[in-house]
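Just so it is clear, the structure is predicted and the values come from calculations on it, not from any experiment.
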Number of protein chains: 2
Amino acid sequence: MEVTNQRKLKSSRQRDLILGILRSTHCHPTADWIYEKARKEMPNISLGTVYRNLNLLRDEGKIQELCFGRNMNRYDGDLRDHYHVRCVVCGCVEDVPHISPRASSGEIEKLTGYKIHSHRLEFSGVCPACHKNAPSE
Amino acid sequence: MEVTNQRKLKSSRQRDLILGILRSTHCHPTADWIYEKARKEMPNISLGTVYRNLNLLRDEGKIQELCFGRNMNRYDGDLRDHYHVRCVVCGCVEDVPHISPRASSGEIEKLTGYKIHSHRLEFSGVCPACHKNAPSE
DNA sequence: CTAACTGCAAAGTTTTTGCAATTGC
DNA sequence: GCAATTGCAAAAACTTTGCAGTTAG
């Protein structure tokens with residue numbers, strides 16, 4: 001899929017703006033939220049451009065794409081290892097600050113004030129079959 | 001949101017079928033996959049019914065709704081604590097067997113044969129504000 | 001110059017919903 | 001009998017794409 005993207009990127013005001021917005025917020029915005037924010041600086045920017053650039057930035061590895069069970073994708077400009085708490089009632093998503101990878105649910109509750117119901121751990125990488133086809137990945 | 005669902009559930013053949021399908025597979029199917037499978041047993045079932053029941057089952061806590069960065073939701077009938085590996089190239093998702101919550105990426109690579117790029121840890125629960133409004137959650 | 005990028009609008013995908021008929025309790 | 005559920009089809013929500021014009025290198 002997109003990982004094999006060989007095309008040479010050219011800089012663009014639109015892409016810089018989008019990346020700037022993403023890096024300057026602590027929320028984990030949706031494409032639409034980013035679009036609304038971007039329009040304040042660049043009124044003619046289009047939603048299609050926002051989507052295209054979010055996909056490019058994700059493919060470059062400059063941002064992380066997240067999906068939290070509600071249908072819309074969310075984006076995170078912070079690439080450091082950090083974890084999330086999600087409210088199953090209102091759907092908000094926050095970072096968990098200063099967490100050790102071995103923290104227990106109890107510790108998370110103390111740190112965040114959330115009542116934790118469950119957690120999810122997901123590893124991303126390349127499966128053996130795909131690795132065989134494109135060993136560069 | 002839906003968590004405050006007080007309505008009394010009535011049993012239905014359709015819902016039982018959907019739950020049965022989900023519990024008898026090891027893949028993490030999309031709504032459409034479940035729909036196709038269900039049609040073989042019950043040719044008149046509609047896609048709308050599949051979606052409605054998946055949402056009901058999720059609200060009841062009988063299944064887990066997952067989202068892996070590709071746009072479609074996926075569902076998991078296994079509620080025990082277990083983790084996932086996802087291939088960023090082909091998009092497939094597998095369970096990680098017998099994993100300790102403290103396993104390292106290296107251990108995951110040995111267990112699964114995947115080349116691990118990153119991981120994601122997400123806690124779900126109720127945020128302080130929502131807990132205040134509906135302490136039952 | 002030329003390939004990447006853009007805005008716009010149309011199309012594609014996935015999910016939800018309104019409605020009249022049916023079903024479980 | 002009544003409220004929950006269903007099938008169907010239409011609508012909504014989210015994302016991608018085709019195209020002609022613009023821009024960065």
Hey, which sits more toward the 5' end of DNA chain C by its nearest nucleotide, B:T49 or B:R13?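 Nearest-nucleotide comparison on DNA chain C picks B:T49.
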
Closer to the 5' end of DNA chain C via nearest nucleotide, is it B:S12 or B:A31?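 Comparing both residues, the 5'-ward one is B:A31.
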
Specify the separation, in whole Å, of atom [atom1] of [X] and atom [atom2] of [N].
X     : N      : atom1 : atom2 : result
B:M72 : C:dG12 : CE    : C1'   : 13 Å
A:L54 : D:dT16 : CG    : C1'   : 13 Å
B:N53 : D:dT6  : CG    : C1'   : 9 Å
B:D16 : D:dA4  : CG    : P     : 18 Å
B:D32 : C:dG12 : CG    : P     : 17 Å
B:L9  : D:dT6  : CG    : P     : 10 Å
A:N44 : D:dT23 : CG    : C1'   : 15 Å
A:D59 : D:dT16 : CG    : P     : 10 Å

Verify the contact: side-chain N or O of [X] to OP1 or OP2 of [N], cut-off strictly under 4.0 Å; return yes or no.
X     : N      : value
A:Y51 : D:dT15 : yes
A:Q14 : C:dG7  : yes
B:S11 : C:dC25 : yes

Please classify the nucleic acid contact of A:N55 as base, sugar-phosphate, or nothing, using heavy-atom distances under 4.0 Å.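 If one applies the 4.0 Å heavy-atom cut-off, A:N55 turns out to touch the sugar-phosphate alone, with no base involved.
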
Select base, sugar-phosphate, or nothing to describe what B:R15 touches, counting heavy atoms under 4.0 Å on all strands.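 Sugar-phosphate contact only.
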
On DNA chain D, compare the nucleotides closest to A:Y75 and B:S46; which residue's is nearer the 5' end?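 Its nucleotide being nearer the 5' end, the pick is B:S46.
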
So if I take every side-chain heavy atom of B:K10 and compare against D:dT5, C:dT15, D:dG25, which nucleotide ends up nearest?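 Closest nucleotide among those given: D:dT5.
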
Residue A:R52, side-chain atoms from C-beta onward, closest of C:dT17, D:dA4, C:dT6: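 Among the listed nucleotides, the one closest to the side chain of A:R52 is C:dT6.
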
Under the 3.5 Å rule, do the base of D:dG7 and the side chain of B:R39 count as making a donor-acceptor pair?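 No pair found.
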
Side chain B:K8 and base D:dA3 donor-acceptor under 3.5 Å: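 Check fails, no donor-acceptor contact within cut-off.
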
How long is the straight-line distance from CZ of A:R15 back to CG of A:L54, given to the nearest 0.5 Å?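 CZ of A:R15 is found 11.0 Å from CG of A:L54.
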
Under 3.5 Å: donor-acceptor pair, side chain of B:T25, backbone of B:L22: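 Checked: no pair found.
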
A:C67 vs B:C67, disulfide (SG to SG under 2.5 Å): CA-CA, chis, key distance, verdict: CA-CA 6 Å; A:C67 193; B:C67 193; 2.1 Å; yes

Could you tell me whether A:R120 sits above the aromatic face of B:F68, with NZ or CZ closer than 6.0 angstrom to the six-membered ring centre and within 45 degrees of the axis?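 Verdict for B:F68: a cation-pi partner in A:R120.
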
Under a plain distance cut-off of 3.5 Å, with no hydrogens placed, do A:H26 and A:D78 share a side-chain donor-acceptor pair?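 On atom types as modelled, these side chains do not qualify, holding no pair under 3.5 Å.
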
